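For reference, the structure discussed in these notes is given below.
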Amino acid sequence: MSAWRDVGRDLRRAPVLNMLTVTTIAFSLFAFGLFGLVAVNIRAALLKVEERVEIRAFATEGTDVAPIAAAARQVQGYPEVMSATVVTEQQALARARQELGEFSDVFEEGFLPASIDVRLKEGHRDPASVKAVATRMHGFDFVDDVRFGEEWITQLYRLRNIAFVAGVALGLSFAGVAVIIIGATIRMAIMARAREISIMRLVGATDGYIKRPFLLEGMLKGLLGGMLAIAMTYFAMKSIEHYLHFETVFFERRFVILGVLAGALLGVVGSSLSVGRHLRQAI
Amino acid sequence: MSAWRDVGRDLRRAPVLNMLTVTTIAFSLFAFGLFGLVAVNIRAALLKVEERVEIRAFATEGTDVAPIAAAARQVQGYPEVMSATVVTEQQALARARQELGEFSDVFEEGFLPASIDVRLKEGHRDPASVKAVATRMHGFDFVDDVRFGEEWITQLYRLRNIAFVAGVALGLSFAGVAVIIIGATIRMAIMARAREISIMRLVGATDGYIKRPFLLEGMLKGLLGGMLAIAMTYFAMKSIEHYLHFETVFFERRFVILGVLAGALLGVVGSSLSVGRHLRQAI
Amino acid sequence: MIRLTHVTKTYARSGTALSDVTLRVGKGEFVFLTGPSGAGKSTILKLSYLEEMPTSGEVKVSGVSSATASRNDVAKLRRKLGIVFQDFRLLENRTAEQNVSFALEVIGTPKANIPNKVARALTQVGLASKANALPRELSGGEQQRVAIARALVNDPFLLIADEPTGNLDERATRGIFQLLREINAAGTAVVMATHNLELVRSSDFRTVELDHGKIVFDSAAEGAAS
Amino acid sequence: MIRLTHVTKTYARSGTALSDVTLRVGKGEFVFLTGPSGAGKSTILKLSYLEEMPTSGEVKVSGVSSATASRNDVAKLRRKLGIVFQDFRLLENRTAEQNVSFALEVIGTPKANIPNKVARALTQVGLASKANALPRELSGGEQQRVAIARALVNDPFLLIADEPTGNLDERATRGIFQLLREINAAGTAVVMATHNLELVRSSDFRTVELDHGKIVFDSAAEGAAS
Ligand SMILES: Nc1ncnc2c1ncn2[C@@H]1O[C@H](COP(=O)(O)OP(=O)(O)OP(=O)(O)O)[C@@H](O)[C@H]1O
Ligand SMILES: Nc1ncnc2c1ncn2[C@@H]1O[C@H](COP(=O)(O)OP(=O)(O)OP(=O)(O)O)[C@@H](O)[C@H]1O
Ligand SMILES: [Mg+2]
Ligand SMILES: [Mg+2]
């Protein structure tokens with residue numbers, strides 16, 4: 001195929017320019033990848049933290065265990081609830097003793113209230129759901145107080161939202177920058193071949209015919225840049241893990257493939273834009 | 001001047017390529033600048049910490065003040081010593097009370113020893129000097145113990161040395177990368193003008209005449225890149241200061257000027273290398 | 001075939017290259033364009049393959065009009081033409097053979113037919129032995145003949161040749177002219193700009209002479225016997 | 001002036017362009033180089049200004065020998081030559097005027113003298129009115145004349161012209177030839193490769209004919225009267 005032959009010729013002819021293109025694509029995607037990695041890891045951390053979201057409804061001192069257990073069964077039936085456990089006064093005391101270790105003598109008298117400890121299902125741990133469940137539990141007669149760390153949950157979710165918005169915004173701007181850089185380097189390749197292109201036009205080549213090798217070239221470089229970016233991101237993660245003793249999560253396989261394809265897409269779009277612009281200017 | 005005219009023509013002709021060159025120079029120097037900033041700030045921090053390097057020679061309980069004061073005057077005469085202060089038992093007690101606040105009752109009995117507190121001059125705060133002074137002070141009869149946090153000073157200096165070596169190594173490699181990138185972009189500019197260069201040779205232009213506009217161009221781009229890098233470094237510092245509430249020091253004026261000149265030098269060296277290589281290949 | 005109707009071509013920086021030229025070239029005709037340097041010969045040819053557009057008036061070639069042609073129309077028209085450019089315009093990074101075969105690839109000639117056609121065209125211009133040379137490895141006359149081979153290889157129905165023998169010696173010139181005559185005899189119209197008056201005089205083809213952007217003589221016009 | 005001694009030039013990819021050529025051009029001489037396309041005319045000229053180096057044998061021009069010349073020697077030699085290239089080699093981004101003045105700047109002509117010299121050279125080739133046009137805005141013949149003006153402007157002691165009239169009409173050709181004769185009469189040696197045999201016959205200058213890389217005729221050689 002003549003288009004492939006052209007690509008081969010072009011790649012061999014300007015190795016520096018081509019390396020530069022691949023490198024800039026790789027770095028753009030690397031920046032993108034690093035950010036993605038941070039997002040993925042924040043998400044993983046959030047999931048772990050979220051698991052600990054818990055609502056505790058404390059019973060008035062001296063309430064019988066029976067109504068508390070009945071209420072717990074009822075709460076267990078709520079759609080948002082994963083588990084509702086009864087903690088009797090004795091259990092509360094034992095837990096406190098265990099947690100506080102040597103200072104346990106202080107609790108000799110046993111004045112800790114019984115409670116129902118509720119964990120919510122994934123997807124229902126947002127501030128609104130938590131608040132709703134807490135309000136309903138307030139409805140039980142024997143409930144003295146409901147605690148769920150409202151502040152803390154709200155903060156967590158705000159963090160998550162910020163991470164999401166920042167992720168999308170940064171991701172899009174990096175992609176934009178990558179397209180511009182790719183366009184610029186391809187434009188240079190085009191300028192270097194401007195004479196050739198005009199001759200092609202003069203012997204009757206259509207725009208599509210002229211564009212093909214450039215698009216192929218952009219795609220190849222994008223693929224290469226994408227793979228490089230993945231490799232760089234992986235090693236960046238590994239070294240963070242190694243030097244900062246920080247446990248991290250890498251992208252799933254399908255996101256890796258998606259990343260490389262995104263590189264190819266960037267390459268094709270960048271090439272297409274600049275070849276198109278060049279062709280519209282001439283003849 | 002014809003060389004300047006050529007430069008103007010060239011800069012106007014390939015704006016994308018030129019922006020790319022300036023940007024890469026700027027980013028190379030920016031990376032360099034960021035590292036330099038870290039180094040400068042580590043240094044500033046070290047200086048502050050170093051000021052606190054202090055040797056304390058404690059007197060045996062009950063020693064008269066007179067010999068201690070005499071010894072202090074003698075120590076004051078050492079070339080390395082900035083100040084040698086006598087702290088009597090009463091003063092030591094007062095100082096401890098003040099530092100420890102509410103727990104001061106504990107010291108009712110006054111069993112703190114008198115001491116000579118020595119501060120060293122700048123340039124004599126390295127582990128070796130500190131140790132030497134400490135050893136000499138051990139020589140006084142009344143001295144019971146000399147403390148100077150040997151471990152701590154050694155650590156501090158190791159940190160400083162690491163920072164220095166890392167700085168030089170990273171600085172040099174960044175400069176190398178910058179020269180290569182500049183060389184690559186200038187090479188592209190040369191390839192775009194290869195025909196022109198060969199015609200110049202054929203009408204009798206010497207290598208120097210051909211090189212001049214490229215060197216000028218490299219210098220201009222380097223200057224611009226250097227200024228951009230300084231600006232970027234400055235804003236990076238300001239935003240670190242703002243968002244991380246971290247007090248930082250910027251480069252002194254002469255280093256700023258040096259940075260911009262370094263950009264120009266990089267530009268000239270990069271251009272010179274790639275024009276030279278091209279000229280040696282042809283004709 | 002080619003129809004220029006009251007065509008004026010003005011270049012922003014150097015004034016009028018053609019003024020009010022009306023010219024018609026019929027099917028299968030052979031036309032010489034002559035006239036001094038800068039008279040407008042190349043401009044007429046560039047208008048004919050629509051590299052340039054007229055400032056006013058209309059150019060119509062094989063049904064494609066300068067007034068309405070799209071980029072794609074122009075590409076399609078050019079596939080049916082053969083053009084020898086005054087400055088050759090060979091692709092620098094391709095051999096003589098590749099430069100010729102390229103013109104066939106562009107128009108979608110079946111791959112199997114290309115080598116034969118290319119070899120025939122190079123032989124016709126006497127360059128079979130230089131098939132693998134790059135343009136910079138060819139002498140001026142050899143480059144010119146590659147350009148001619150490229151124009152002929154796709155069996156065009158109209159051949160536009162701008163000074164195709166400027167770098168050729170007398171024998172080669174006669175050979176190329178003979179070739180163009182044969183092609184013309186086989187039905188291809190030929191428009192050839194030339195300074196070689198000997199060539200013009202040696203045949204009785206129609207001659208159009210230009211000067212300062214105007215047609216000053218046309219042997220096909222009435223009363224041109226003088 | 002020019003001395004080729006047993007010069008052979010072999011190109012890696014296309015074999016022998018010149019074989020064992022010995023040629024001497026004296027001070028102030030006017031020499032035509034003729035021969036068919038690909039005979040080796042341009043190769044002899046390229047060797048004379050040391051764009052190419054001989055594969056074997058020696059080329060010596062004005063005391064500069066191909067065997068020993070440094071890059072700087074070559075640059076200095078070329079400043080004293082005037083060269084008209086077969087493919088013009090004009091700087092694309094400079095006007096006709098700048099292309100000519102450029103040749104003076106390179107050799108360090110005082111700034112004040114440049115405009116006059118440039119204007120004179122352009123007038124000599126009949127292009128004063130096109131001074132501000134870029135090469136792509138000039139016709140083929142006009143470009144060729146800019147190339148000639150550039151070669152003349154520095155009052156060279158040796159003018160090397162490769163097919164300088166290939167794109168010119170008869171009148172312009174005669175004009176340029178007349179100009180070259182005047183320059184030669186003023187003391188400049190001229191070596192001119194050409195296909196225009198009429199021109200060669202119209203004067204009695206020395207003629208060297210090449211074929212297949214060998215000198216087959218030299219009107220200055222003994223017994224060349226036949
Ligand atoms: N792109 C352009 N821009 C400005 N002027 C131009 C351009 N192309 C041609 N001209 C001018 O138009 C006039 C006619 O040019 P043209 O190339 O048609 O001449 P020509 O008859 O082919 O001459 P030649 O025999 O020298 O090739 C010339 O004066 C030339 O300078
Ligand atoms: N750079 C090169 N590499 C390989 N072969 C070359 C090169 N330059 C010239 N040749 C070959 O050397 C031979 C002589 O070329 P030269 O240019 O001297 O011919 P010429 O006499 O000037 O012909 P013309 O009249 O067509 O210009 C030709 O066959 C050509 O193909
Ligand atoms: Mg013309
Ligand atoms: Mg030649």
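These numbers come from a predicted model, not from an experiment. Scope of the values below: all heavy atoms of this structure, side chains included, with no hydrogens, waters or symmetry mates.
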For this session: Measure the CG-CZ distance between C/D87 and D/R136 for me, rounded to the nearest 0.5 Å.
Result: 13.0 Å
For this session: Just give me the residue among D/R145, D/K130, D/Q144 that pairs up with chain C most often, heavy atom to heavy atom, under 4.5 Å.
Result: D/R145
For this session: Counting only heavy atoms closer than 4.5 Å, note whether C/A172 contacts chain D via side chain, backbone, both or neither.
Result: neither
Seminar exercise, completed: Within residues 4-11 of chain C, contacts to chain D at heavy-atom distances under 4.5 Å involve none
Seminar exercise, completed: Scored by heavy-atom pairs under 4.5 Å with chain C, the best of D/D169, D/N132, D/D162, D/L168 is D/D169
Seminar exercise, completed: One should read off an interatomic distance between D/N196 CG and C/H195 NE2, to the nearest 0.5 angstrom, of 12.0 Å
Exercise. Distance from C/S37 atom OG to D/L138 atom CG, nearest 0.5 Å?
Worked result: 9.0 Å
Exercise. Does a sphere of radius 6.0 Å around CZ in D/R181 hold more than 12 heavy atoms from other residues, nucleotides or ligands, not counting ones at 6.0 Å or beyond?
Worked result: yes
Exercise. Should the heavy atoms of other residues, nucleotides or ligands under 6.0 Å from CD of C/E198 be counted, would the total exceed 12?
Worked result: no
Exercise. With only heavy atoms counted, which part of C/N167 is less than 4.5 Å from chain D, the side chain, the backbone, both or neither?
Worked result: both
For this session: Select one option (side chain, backbone, both, neither) describing which atoms of C/E142 are under 4.5 Å from chain D's heavy atoms.
Result: both
